Trainee: 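This is the structure I have questions about; it appears just below.
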Amino acid sequence: MNENALAIQIEGLLFSLGRPLTRAELCKAMGAELDMVEVALATLRARTRGGIVLVDDGKVVELRTAPAAAELVEKIRKEEYSRDIGKAGLEALAAVIYRGPLSRSEIDFIRGVNSSQTLRTLLMRGLVRKISNPKDERSFLYEPTTELLAELGVAHKDELPDYVSVQEKLRTLETAYRAQELLVPTEEPA
Amino acid sequence: MNENALAIQIEGLLFSLGRPLTRAELCKAMGAELDMVEVALATLRARTRGGIVLVDDGKVVELRTAPAAAELVEKIRKEEYSRDIGKAGLEALAAVIYRGPLSRSEIDFIRGVNSSQTLRTLLMRGLVRKISNPKDERSFLYEPTTELLAELGVAHKDELPDYVSVQEKLRTLETAYRAQELLVPTEEPA
Amino acid sequence: MWEMQTRPHVKTEVFEGPLELLLELIEKRKLHISDVSLAAVCDEYIARISAHTELPVGETAEFVTLAATLLLIKSRSLLPTLALSEEESRDIKELEYRLALYQLIKDAARSVGEATKSPALYEGSAPAPEPMFLFDASITKESLLGAAQTLIVGFPKSLVLPKVAVKKIVSIEEMITQMAARVSSAFRLSFKEFAGMNKQASAHARHEIIISFLALLELVKQGIIKANQGEHFSDIVLESDSVSVPSYE
């Protein structure tokens, strides 16, 4: 692999993982020698004209927002945080509270639309948190944070209005729908 | 702000927010006109030599890892991806990609089968999204998302195999049918 | 990004919908989509759907409606004098169009399927901002309950049947009976027309009509026999009576 191909891979990897990586980790991931990795990193550092820059402290490297965009990012973040979570946010939150803990795909199933963006917002605002899934260690479950419940004035989610009946209704609908999906031979299982 | 500075800011914003943004959101955030934003987006799209690419579904843009980094990212993230979409799902997607946006009944008409369950699954996976139908407020249209394009490994619809030729064939067929229909007055297809 | 879902695998049908079956029959014979090819595959289409005791849920009406159009096309190929109503010729044109459209989309779906095997473009992970708690006043016990209720109401209760199709014919047998009646009346009509025409010409035409119609009846019978219900046989007897009409002369 030449250093340009290596640079592309390193950039893609850093972007996808979203955390700092050590040189040792990079060498291992690429199956490349350190001197090759250094050349590739130099290529990436030299790219200074975009909105994303490579930050290198000599030990770990990380992708960051370019200083030229920092101010704007800050402004937009603030705006986003001051906004309501909206209808989608309330629905996802209701699913998590009344039927949770749930995995992302279960939330998608209940809402009938993809919820990844919505959950990201809820996570960032500290309204829900991820816990590990006892059934599958690769995935997570979402549950309401204690701060959220406290703000709603309940010690436990089952103190919420109609908690049991809403939960029951949702469960019945889900079961019925899944059963029906199995009966219909026209659909490949998702 | 010139379009290069705009491109840097857009890239930085997409990177740090880590989610897809609509053209409307970009215009608002930048305080720029759409045509300026388009020029900046074209600049970003043209940058194809890095590990990060701009995926554009025509309405929404998003940063994703470049195809050249896919294998490595897959290896490192070690996540299980269920990429199987199934025959029904692929047909509905093809209809939406090559002839969309389409209403559910238009998709049913093309496939000769009720597609509501298929579409729900595609919505859940974020492969299509619902938009309101300009001709009929009560109904929705389905259109492709950046998630779908990314899943197909392309940054833009026109990079899909046979995109232009399939569109051309569809148009020819349509024109021939409409011309013929004019001879026999008829209602809109369901 | 997608999580694995483990569900029992459902054995799928060889064909999902009527257009798919029809296209398969035409492509198997390496034919182009036209009224000629549609007439050619009519018998097999009916045989195939008759052999399926259970058609895919909710699609039966669509299968049968399409069979009716096919029978009409076949009838016309056997009975060239059969005059089609405006609606009937529109149905035929529409079927040909839908089939051509579906063929294109089906091929495109294959390309889309191939594209899913190419390297995907993966999501990035934005640098995580510091943990915080940002409440929003719109989140209340009431608004959450309301959102939960929206989820309940929005949940698909059952598969919605296409409204148009439901209004149409419900069973294959019933449809064939109706078609037989339709063709038979067309035959009587053309017989009356011929009766008023030049003697020689009409004798020749009548001869052709009888042969065509017998062939058509054979086809209709093939479709009905499977149902082995006496009442449908009586329909055929009725049609045979009308066939015997010209021999009174």
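Note that the coordinates shown come from a computational prediction; the quantities given were computed from them, not determined experimentally.
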Trainee: Could you tell me which residues satisfy side chain to side chain contact (heavy atoms under 4.5 Å, CB included) with B:Ser132, sequence neighbours excluded, listed by chain and number?
Mentor: none
Trainee: Should the pair C:Arg98 and B:Phe109 be classed as cation-pi, given the thresholds of under 6.0 Å to the six-membered ring centre and 45° from the axis?
Mentor: yes
Trainee: For B:Arg19, which atoms come within 4.5 Å of any heavy atom of chain C: side chain, backbone, both, or neither?
Mentor: neither
Trainee: Looking at B:Val166, B:Leu93, B:Leu170, which one has more heavy-atom pairs under 4.5 Å with chain C than the rest?
Mentor: B:Leu170
Trainee: Determine the option with the most heavy-atom pairs under 4.5 angstrom with chain C, choosing from B:Arg120, B:Glu71, B:Glu62.
Mentor: B:Arg120
Trainee: Would you kindly say whether B:Glu174 and C:Tyr97 are connected by a side-chain donor-acceptor distance under 3.5 Å?
Mentor: yes
Trainee: Check whether any side-chain N or O of B:Asp108 sits under 3.5 Å from a backbone N or O of B:Ser115 as a donor-acceptor pair, and report yes or no.
Mentor: yes
Trainee: Using non-hydrogen atoms only, which part of B:Ala95 is less than 4.5 Å away from chain C: side chain, backbone, both, or neither?
Mentor: both
Trainee: Can you list everything that forms a salt bridge (charged side-chain N to carboxylate O under 4.0 Å, His left out) with B:Asp158? Sequence neighbours excluded, please.
Mentor: none
Trainee: Does any heavy atom of chain C fall under 4.5 Å from the side chain of B:Val154, the backbone, both, or neither of them?
Mentor: backbone
Trainee: Between B:Leu17 and chain C, which part of the residue has a heavy atom less than 4.5 Å away: side chain, backbone, both or neither?
Mentor: backbone
